[in-house]
Amino acid sequence: MRIETLAVHAGHGVDPASGAVTPPIHLSSTFERDPDGGYRAGHIYTRTSNPNRTAVEQALAQLEGGAVAIAFSSGSAATQAVFQALAPGDHVLAPNDAYYGTLRQLREIFAPWGLEVDVVDMANLDAVERALRPNTRLVWVETPSNPLVRVVDIARLAELAHSVGARCAVDNTWATPVLQLPLREGADLVMHSTTKYLGGHSDLLGGALVARVDDELTQRLLNIQKVGGAVPSPFDCWLLLRGIRTLPWRMRAHCENASLVATFLSTHPKVEIVHYPGLASHSGHEIARRQMNDFGGMLSVQVRGGREAALELTRRLSLFTRATSLGGTESLIEHRASVEGAVTLAPENLLRVSVGLEHPDDLIEDLERALAGI
Ligand SMILES: *Cc1c(COP(=O)(O)O)cnc(C)c1O
């Protein structure tokens, strides 16, 4: 099946109890035990499993081409589960431009807990090779990355990880399974913040892991989910599955709009540089063409005039909301340096844009008007 069909049908079935075409929301925290002690549908207690969560996990596993999906209450909880599955003394290699919260977890929670952590520029495969150690257990990859929308080669990084017996996990939040399938490239685990494109409407918080095979690590991750308890609510699972149904068509429009906005910005005299992998001038363009089906809905732009000009642009826009996050129907713009503080790699004149599903001409007219005023 093609991904559009999978997105509509994966995890879906007519409800056998009512005939409902749209799945009911099972808010119940607990499930009746049969007289013989069994559980008729296998569900015992909603922390351990729930019909809405099971449905969304089946859908995510199918979309990513994995054996098992494990849903969490946020992308950060999914990331944390991966680090928790390691042991003190294990070495983790992460990209120097990984999601801000991922690097914070490593620095503030897991380094004190005993993980050995190194960050490198993962576009530089020699640097990655030099940073690997005999005790490296995990190579964390994120592509496209934040805030420079850099693209790295998943297949090569997975190969390098495997050469020292480490696993390769890919944060696939920005690409989604519509644009990129890391497990097919050789990665072992995919991580998602389903808060973003998968949910797609800026109205839920969620995360997920998808494992290529059901092995000992997968069982440890499932145990962390069920025993640790950072699980999504049945309502959030229901919203997420509803979002997934339109994911391929939304991604197509996000990509088309972002490409038009990036092209417009890249020729504007008040723009220093646009970071978008769809532009031939982008450093990751060739890898993106090979590894991705399209170039995504995220871009960042550095404007002339420094921090003040960048902030002034955000004040003059009317269709782009000043807010963090991404992947919803509405376009968002954000000054990353002021969000990330002292540790940021984001230049002061950089704005990150999540290009939404408005008409691209309206977005471009809004940008044109606002740029004229800075
Ligand atoms: C948002 C995000 C996360 C964290 O997810 P939450 O759902 O906010 O916890 C992780 N990685 C990337 C790339 C993200 O954009």
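Here, residue 1 is the first one in the sequence, and each next residue gets the next number.
- Thr48 places no side-chain N or O within 3.5 Å of a backbone atom of Lys226 that could act as its donor or acceptor partner.
- Clustering ILVMFWY residues whenever any of their side-chain heavy atoms sit less than 4.5 angstrom apart, transitively, puts Leu6 in a cluster other than the one holding Leu181.
- Between atom CG of residue Leu189 and atom CG of residue Leu217 there is a gap of 5.5 Å, rounded to the nearest 0.5 Å.
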(request) Mind running side-chain contact (heavy atoms from CB on, under 4.5 Å) on Ser318 and Arg369 for me, showing each step along the way? (result) CA-CA 10 Å; Ser318 52; Arg369 203 165 36 234; 4.1 Å; yes

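- Of the listed residues (Arg150, Arg352, Gln302, His282), just one forms a side chain to side chain donor-acceptor pair (under 3.5 Å) with His275, and that residue is Gln302.
- What you find for Ser28 and Asn50 is that their closest heavy atoms are O-ND2, 3.9 Å.
- Note on ring orientation: taking the six-membered ring where Trp is involved, the planes of Trp238 and Phe235 are parallel (angle under 30°, cut-offs 30° and 60°).
- Within 6.0 Å of the CZ atom in Arg220, the count of heavy atoms belonging to other residues, nucleotides or ligands exceeds 12.
- The two residues Ala258 and Leu299 come nearest to each other via the heavy atoms O-CD2, 3.6 Å.
- Using a 4.5 Å cut-off between side-chain heavy atoms of Ile, Leu, Val, Met, Phe, Trp and Tyr, with links allowed through other members, Leu106 and Leu209 fall into the same hydrophobic cluster.
- Residues Ser145 and Val152 have side chains not in contact (no heavy-atom distance under 4.5 Å, counting atoms from C-beta outward).
- Judged purely by atom type and a 3.5 angstrom limit, Asp90 uses its side chain to pair as donor or acceptor with the backbone of Ala87.
- Using modelled atom types, one side-chain atom of Thr263 and one backbone atom of Ser259 make a donor-acceptor pair closer than 3.5 Å.
- Looking at Leu350, Thr344, Leu345 one by one, the single match for side chain to side chain contact (heavy atoms under 4.5 Å, CB included) with Pro347 turns out to be Leu350.
- In terms of modelled atom types and a separation under 3.5 Å, the side chain of Gln291 and the main chain of Ile154 share a donor-acceptor contact.
- One N or O on the side chain of Arg53 and one on the backbone of Arg47 form a donor-acceptor pair closer than 3.5 Å.
- Proximity of Val128 to Arg156: side-chain heavy atoms (C-beta onward) are nowhere separated by under 4.5 Å.
- Placement of Leu93 and Val117 in two distinct hydrophobic clusters is found when ILVMFWY residues are connected by side-chain heavy-atom separations under 4.5 Å, directly or transitively.
- Side-chain N or O atoms of Asn172 include one that pairs as donor or acceptor with a backbone N or O of Gln180 at under 3.5 Å.
- Atom OG1 of Thr22 sits about 5.5 Å away from atom CZ of Arg245, to the nearest 0.5 Å.
- Using a 4.5 Å heavy-atom threshold, the side chains of Glu64 and Pro182 count as touching.
- A side-chain donor-acceptor contact under 3.5 Å links Ser300 to the backbone of Pro147.
- In this structure, Thr246 contributes its side chain and Trp249 its backbone to no donor-acceptor pair below 3.5 Å.
- Within 6.0 Å of CZ on Arg104 lie no more than 12 heavy atoms contributed by other residues, nucleotides or ligands.
- Counting heavy atoms from C-beta outward, Phe295 and Val151 have side chains that stay 4.5 Å or more apart.
- Val210 and Ala69 get closest at one heavy-atom pair: CG2-CB, 4.0 Å.
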Which atom pairs, one a donor and one an acceptor, fall under 3.5 Å between side chains of residues 198-206 and the rest of the protein, sequence neighbours left out?
unit_1: His201; atom_1: ND1; unit_2: Gly199; atom_2: O; d: 3.0
unit_1: Ser202; atom_1: OG; unit_2: Glu330; atom_2: OE2; d: 2.7

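- Under the 4.5 Å side-chain criterion, counting only non-hydrogen atoms from C-beta, Val139 is in contact with Leu132.
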(message) Pair Leu371, Phe264 - check side-chain contact (heavy atoms from CB on, under 4.5 Å), show working.
(response) CA-CA 12 Å; Leu371 278 163; Phe264 162 75; 4.1 Å; yes

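- In this structure the side chain of Arg252 never reaches within 4.5 angstrom of the side chain of Asp294, judged on heavy atoms.
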(request) Check step by step if side-chain contact (heavy atoms from CB on, under 4.5 Å) holds for Gln225 and Val231. (result) CA-CA 7 Å; Gln225 177 207 38; Val231 295; 3.9 Å; yes

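- Here the two rings, on His192 and Tyr197, have centers that are 6.0 Å apart or farther.
- The shortest non-hydrogen separation linking Arg250 to Leu357 is O-CD2, 3.7 Å.
- The backbone N or O of Glu348 sits nowhere less than 3.5 Å from a side-chain atom of Arg307 that would complete a donor-acceptor pair.
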(request) Report the C-alpha distance between Glu308 and Arg315 in whole Å, list the side-chain angles of each, state the deciding distance to 0.1 Å, and finish with yes or no for salt bridge (charged side-chain N to carboxylate O under 4.0 Å, His left out). (result) CA-CA 11 Å; Glu308 256 325 296; Arg315 288 189 282 262; 3.2 Å; yes

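- No side-chain N or O of Gln105 forms a donor-acceptor pair with one of Ser76 less than 3.5 Å apart.
- No donor-acceptor contact under 3.5 angstrom links the side chains of His268 and Glu368, judged on distance only.
- At most 12 non-hydrogen atoms from other residues, nucleotides or ligands lie less than 6.0 angstrom from CZ of Arg289.
- With hydrogens and angles disregarded, no donor-acceptor distance shorter than 3.5 Å links the side chain of Glu334 to the backbone of Ser325.
- Here the straight-line distance linking atom CG of Asp171 with atom OH of Tyr99 works out to 9.5 Å at 0.5 Å rounding.
- Rounded to the nearest 0.5 Å, atoms CD (Glu185) and CD (Glu159) are 11.0 Å apart.
- Proximity of Asn52 to Leu241: side-chain heavy atoms (C-beta onward) are nowhere separated by under 4.5 Å.
- Pro248 places none of its side-chain heavy atoms less than 4.5 Å from the side chain of Arg2.
- Here the straight-line distance linking atom CG of Asp366 with atom CG of Leu317 works out to 5.0 Å at 0.5 Å rounding.
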(message) Assess the residue pair Phe110 and Gln80 against the criterion (side-chain contact (heavy atoms from CB on, under 4.5 Å)); give the C-alpha distance rounded to whole Å, side-chain angles, the decisive distance to 0.1 Å, and a yes or no.
(response) CA-CA 9 Å; Phe110 289 99; Gln80 169 155 274; 3.8 Å; yes

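- By the criterion of side-chain heavy atoms lying less than 4.5 angstrom apart, applied directly or through intervening Ile, Leu, Val, Met, Phe, Trp or Tyr residues, Met298 is not grouped with Leu363; the two fall into different hydrophobic clusters.
- Hydrophobic clustering of Ile, Leu, Val, Met, Phe, Trp and Tyr side chains at less than 4.5 Å, counting indirect connections, unites Leu179 with Leu60.
- One side chain, Asp188 or His162, offers a donor N or O that lies under 3.5 Å from an acceptor on the other.
- Counting non-hydrogen atoms of neighbouring residues, nucleotides and ligands closer than 6.0 angstrom, the CD atom of Glu256 reaches no more than 12 such neighbours.
- Using cut-offs of 30° and 60° for the angle between ring planes, the Trp140 and Phe83 rings count as tilted.
- For His43, the ring pair (Phe, Tyr, Trp, His ring centres under 6.0 Å) partners at least two apart in sequence or on another chain are Phe31.
- When all heavy atoms of Leu221 and Ala81 are compared, the pair lying nearest together is CD2-O, 3.5 Å.
- The OG atom of Ser193 lies 7.5 Å from the CG atom of Leu326; values are rounded to the nearest 0.5 Å.
- Minimum interatomic distance between His285 and Pro277 (heavy atoms only, all atoms of both residues): ND1-O, 2.8 Å.
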